Amino acid sequence: MERERLGSRLGFILLSAGCAIGIGNVWKFPYVAGQNGGAIFIGIYLLFLVLLGIPVLCMEFSLGRASQKSCARLYETLTPQKKAGAGTAKSPSPATICS
């Protein structure tokens, strides 16, 4: 199986910047909230992140394993085909996780 590659140097730069900004926000937000009296909020946020995130993560892993496809293609594999233009509503979780 051939590995995927980025199409351009600009794509790599934008991807690297997005990762750096995202990781910076993950580290900075709890620190700033804790410094400004938001430690209780952080505790509740982490509790709900664990309570809601672990079941969604397990669901995503099981769907990916069952379909043997990428997260963008797994719902096409597991759901029956609808008529064109019917507009099927899908879970927001895969869109959030994959993009």
Side-chain angles (χ1 to χ4, degrees):
M1 175 182 251
E2 188 175 331
R3 293 183 64 175
E4 295 182 21
R5 296 176 186 232
L6 293 172
S8 67
R9 188 176 183 102
L10 177 63
F12 173 74
I13 293 170
L14 292 175
L15 178 70
S16 300
C19 290
I21 291 168
I23 291 172
N25 287 334
V26 167
W27 286 109
K28 186 177 180 182
F29 172 70
Y31 174 76
V32 171
Q35 291 294 319
N36 294 318
I40 292 175
F41 170 76
I42 296 298
I44 294 170
Y45 174 77
L46 292 174
L47 174 73
F48 278 100
L49 181 67
V50 169
L51 289 175
L52 298 174
I54 290 177
V56 170
L57 184 66
C58 290
M59 179 197 69
E60 291 292 328
F61 284 153
S62 63
L63 287 174
R65 191 171 280 200
S67 69
Q68 296 293 314
K69 304 282 183 185
S70 69
C71 56
R73 299 276 183 212
L74 71 94
Y75 286 100
E76 292 176 2
T77 304
L78 297 176
T79 58
Q81 295 297 322
K82 303 281 183 179
K83 292 181 182 177
T88 59
K90 297 181 180 173
S91 170
S93 170
T96 305
I97 294 173
C98 294
S99 59

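All values derive from a computational prediction rather than experimental measurement. Only this structure's heavy atoms are used, side chains among them; waters, hydrogens and symmetry mates stay out.
Grouping the Ile, Leu, Val, Met, Phe, Trp and Tyr side chains by contacts below 4.5 angstrom, directly or via other members, places M59 apart from L51. Follow the hydrophobic side-chain contacts under 4.5 Å out from I40 and you reach F48 in the same cluster.
Nearest heavy atom pair, residue Q68 against residue R65, reads NE2-O, 2.8 Å. The two residues I42 and A33 make their nearest non-hydrogen contact at CD1-CB, 3.8 Å.
From L52, atom CG reaches atom CG of L57 across 12.5 Å, with rounding to the nearest 0.5 Å.
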Exercise answer: donor-acceptor pairs, residues 6-23 side-chain atoms, under 3.5 Å, sequence neighbours excluded:
residue : atom : partner : partner atom : Å
S8      : OG   : G11     : N            : 3.1
S16     : OG   : F12     : O            : 2.9

